[in-house]
Amino acid sequence: MGKVVIYQVFTRLFGNRNLSRKENGTIAENGCGKLADFTPSVLKDIASMGVSHVWYTGVIRHATQTDYTSYGIPRQHAAVVKGKAGSPYAITDYYDVDPDLAVDVNKRMQEFEQLVERTHAAGLKVVIDFVPNHVARQYHSICKPKGVEDLGEGDNPQHGFDPQNNFYYCPGERFAPYFDLYKGEKEPYLEEPAKATGNDHFDNAPSMTDWYETVKLNYGVDYYAGGVGCFDPIPDTWYKMSEILLFWAAKGIDAFRCDMAEMVPSEFWRFATDIVRERYPEVKFIGEVYNPYDYRRYLLNGFDWLYDKVGMYDTMRSVICHHAPASAISNAWQNTDDISDHMLYFLENHDEQRVASDFFAADGNKGVPAMIASLLMQRNPFMLYAGEEYGERGMDREGFSGNDGRTTIFDYWSIDTLCRAAKKKLTADERQLFDIHKRTMLIARKEKAVADGAFFDLMYVNGHLERQYVFLRKQDNDLLMVAVNFDDSETEVDVCLPAHAFDYLGLKEKTAMATDLLSKEKQSVMLRRDGLVRMKIAARGGRVWKLKV
């Protein structure tokens, strides 16, 4: 089946070809991408890049300043919505599809179901967000199945904490944050008693830097008593959230990317993933977990893959920017060596700054060696964020998001490189960057040595390499020698192949013809125990030599 390669698309931006790009623009002014933009040919193109999964970010209905009351959808107060379009992580109805994404708002769920069918028909798997830690302040489900009780419906708001409440409350206190509660509306936003805010802010006055547009869900953890878990009897929220997972799994979802999974007790995940897998054994769970000390606990409690942010991502970023030597990559993977197959590598996602932004490397090409290494060094999955393959800069001032080197998740916008790629108007440099991404991803998908083979890091005997990273992959008779160059100039290096690599990988000394899978160049290579192999590597480039051994 090949290596798992996830392509993250911000659904409302991906297919939007409107070039107005007015700061703080409305949906009428700036347009919005639709589920229908993912046509069979678009999905075929995505699959042809070597992608296995598409993560459709922002599918479930969330808070927005766009008025859909004519369709029977409750309006959200502008004071508790971030940006005109709103954050996809402030869910207003777990059982509904975001109306922005529909051609016919009344058929939005049907349009999503058709998208799942089209995605599967293209040989791709579907990933959507599950946002378990918090909901929008005005959460109210209008699409919940018959017999389902809404979140908070049975709560006793006189209790700050009750294990069977869905929310945390500030009894007798009105929501009184440190900002304008009118935001241009006739009446102020009113919430009484105030609910606790999503980023574990348990009083009635969150600030602008808090996740003030969200409320924290209660999984039976008493934060007022220092974080004591009250899990017997099982908290009501556990049942309700498990039902939501089952609802979407029944639509053919292949994986859930679980937002801020570490802010929800690991005990819940064991409970919920068991329930889902009993009916849908193939469903995968991807956890956004940032604390390395929690990794193993969350894997034991049902997760398949976890973000490798503070280890591999942070390290690669430092190496790309020449703040750390390439050997730091060895330390990063060694810290998770026992769980390496479960770590999700990436260089971009909606939370992080674009590699090509002025805040990171200012040039997408500088990320190429990190991309090649991240894709080919282990068996674990890799994630690519739409636009990364063209060097999207993320340097727009979109509105709420501001110019921060990220592609907005709060505003109506269109992505420059994706618009030009659709019209075949990429620059030569962008086409070249796309080409190397595609070739590397296809190597990861097709080469058994990458998907299933052994990994041998060569850095411990190549201490002279400051800005190059070298390793081997082997499966059956296929040996891959991978070398990447983080330097800004072409380099020629002598790579030592230690005797231990021959023993560990079962290699014999021989002279073999090597083909560079990236450039198709051929070269004779002498494999000798403790011998040297000379490799010439382009600036910010890489070599992937394949030998039959």
Side-chain angles (χ1 to χ4, degrees), residues 6-18 27 30-43 45-47 49 51 53-64 66 68 73 82-105 107-120 122 124-131 136 248 251-259 286 288 348-351 383-389 392 394 398 400-401 406-419 421-422:
I6 300 169
Y7 190 55
Q8 182 191 6
V9 296
F10 200 79
T11 317
R12 88 160 78 100
L13 302 182
F14 183 85
N16 187 18
R17 302 291 171 251
N18 181 321
I27 192 169
N30 284 355
C32 185
K34 306 291 177 190
L35 301 169
D37 296 329
F38 294 90
T39 60
S41 75
V42 165
L43 290 164
D45 286 347
I46 291 172
M49 281 163 50
V51 168
H53 294 60
V54 182
W55 166 17
Y56 294 106
T57 307
V59 162
I60 299 177
R61 180 157 69 80
H62 55 79
T64 178
T66 304
Y68 285 103
I73 297 171
K82 287 183 176 174
K84 284 280 191 291
S87 165
Y89 296 100
I91 302 290
T92 48
D93 189 344
Y94 278 119
Y95 290 102
D96 199 0
V97 166
D98 199 70
D100 278 349
L101 305 177
V103 174
D104 179 344
V105 173
K107 293 185 175 164
R108 57 194 183 275
M109 183 59 80
Q110 206 176 321
E111 288 186 27
F112 175 71
E113 289 164 349
Q114 288 163 351
L115 172 65
V116 174
E117 277 177 33
R118 287 197 303 279
T119 308
H120 287 156
L124 295 159
K125 294 191 185 306
V126 175
V127 184
I128 65 165
D129 291 284
F130 175 58
V131 188
W248 291 102
K251 305 269 180 209
I253 302 304
D254 301 290
F256 293 99
R257 178 267 182 190
C258 302
D259 186 68
I286 307 164
E288 184 186 17
E348 287 188 7
N349 62 44
H350 68 275
D351 286 317
M383 179 166 72
L384 185 81
Y385 189 28
E388 178 183 347
E389 67 273 33
E392 173 60 38
E398 305 102 336
F400 186 88
S401 187
R406 296 174 180 84
T407 293
T408 181
I409 65 167
F410 304 104
D411 307 283
Y412 294 111
W413 205 253
S414 61
I415 299 177
D416 174 52
T417 49
L418 295 182
C419 290

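Hydrogens, waters and symmetry mates play no part in the numbers below; they use all other heavy atoms, side chains included. This is a predicted model, so every value here is computed, not measured.
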Mind listing the closest non-hydrogen atom pair of P40 and R118 along with its distance?
CD-CD, 3.8 Å

By salt bridge (Lys or Arg N to Asp or Glu O under 4.0 Å), which residues pair with E113, not counting sequence neighbours?
K251

Please identify each residue that fulfils side chain to side chain donor-acceptor pair (under 3.5 Å) with D96, with sequence neighbours left out.
R61, R108

So how far is it from N16 CG to N30 CG, rounded to the nearest 0.5 Å?
7.5 Å

Between the main-chain N or O of F14 and the side-chain N or O of D37, is there a donor-acceptor pair closer than 3.5 Å?
no

I need the minimum non-hydrogen distance between R12 and P88, along with the two atoms involved.
NH2-CD, 4.3 Å

Taking only residues two or more places apart in sequence, or in another chain, which ones meet E398 in a salt bridge (Lys or Arg N to Asp or Glu O under 4.0 Å)?
none

For the student: nearest non-hydrogen atoms of Y7 and G387, plus distance:
OH-N, 4.2 Å

With side-chain contact (heavy atoms from CB on, under 4.5 Å) as the test, would you mind laying out the steps for D104 and Q110 before giving the verdict?
CA-CA 10 Å; D104 179 344; Q110 206 176 321; over 6 Å; no

Reported CD1-to-CD1 distance for the pair I60 and I91, which is rounded to 0.5 angstrom
5.0 Å

Pairing residues for Q8 by the side chain to side chain donor-acceptor pair (under 3.5 Å) criterion, not counting sequence neighbours:
T57, H350

For A47, side-chain contact (heavy atoms from CB on, under 4.5 Å) partners two or more places apart:
L124

Separation between CG of L115 and CG of L43, rounded to the nearest 0.5 Å
6.5 Å

Residues at least two apart in sequence or cross-chain that pass side chain to side chain donor-acceptor pair (under 3.5 Å) with Y68, listed by chain then number, are D100

Go through the structure and list residues passing side-chain contact (heavy atoms from CB on, under 4.5 Å) with D259, not counting sequence neighbours.
Y89, V131, P132, H134, R257, E288

W248 and ring pair (Phe, Tyr, Trp, His ring centres under 6.0 Å): which partner among F112, Y95, Y94, Y56?
F112

Between D411 (side chain only) and F400 (backbone N and O only), is there a donor and an acceptor less than 3.5 Å apart?
yes

Residues forming a salt bridge (Lys or Arg N to Asp or Glu O under 4.0 Å) with K82, sequence neighbours excluded
E213

For E111, which residues count as a side chain to side chain donor-acceptor pair (under 3.5 Å) partner, sequence neighbours excluded?
none

Under a 4.5 Å cut-off applied to non-hydrogen side-chain atoms, are V51 and L384 in contact?
no

Once side-chain contact (heavy atoms from CB on, under 4.5 Å) is applied, do any residues pair with A255, and if so which ones, sequence neighbours excluded?
V127, K284, I286

Between CG of D254 and NE2 of H120, what distance do you get to the nearest 0.5 Å?
3.5 Å

Pick one: which of T11, D129, N349 meets side-chain hydrogen bond (donor to acceptor under 3.5 Å, both in side chains) with W55?
D129

When every non-hydrogen atom of G252 is compared with those of V116, the smallest separation belongs to O-CG1, 4.0 Å

Across all chains, not counting sequence neighbours, the salt bridge (Lys or Arg N to Asp or Glu O under 4.0 Å) partners of R406 are D404

Mind checking the CG-SG spacing from L101 to C32? Nearest 0.5 Å is all I need.
6.0 Å

If you take all heavy atoms of L35 and V97, which pair is closest and at what distance?
CD1-CG1, 4.2 Å

Mind listing the closest non-hydrogen atom pair of F38 and K34 along with its distance?
CD1-O, 3.9 Å

K84: side-chain contact (heavy atoms from CB on, under 4.5 Å) partners, not counting sequence neighbours:
T26, Q65, Y412

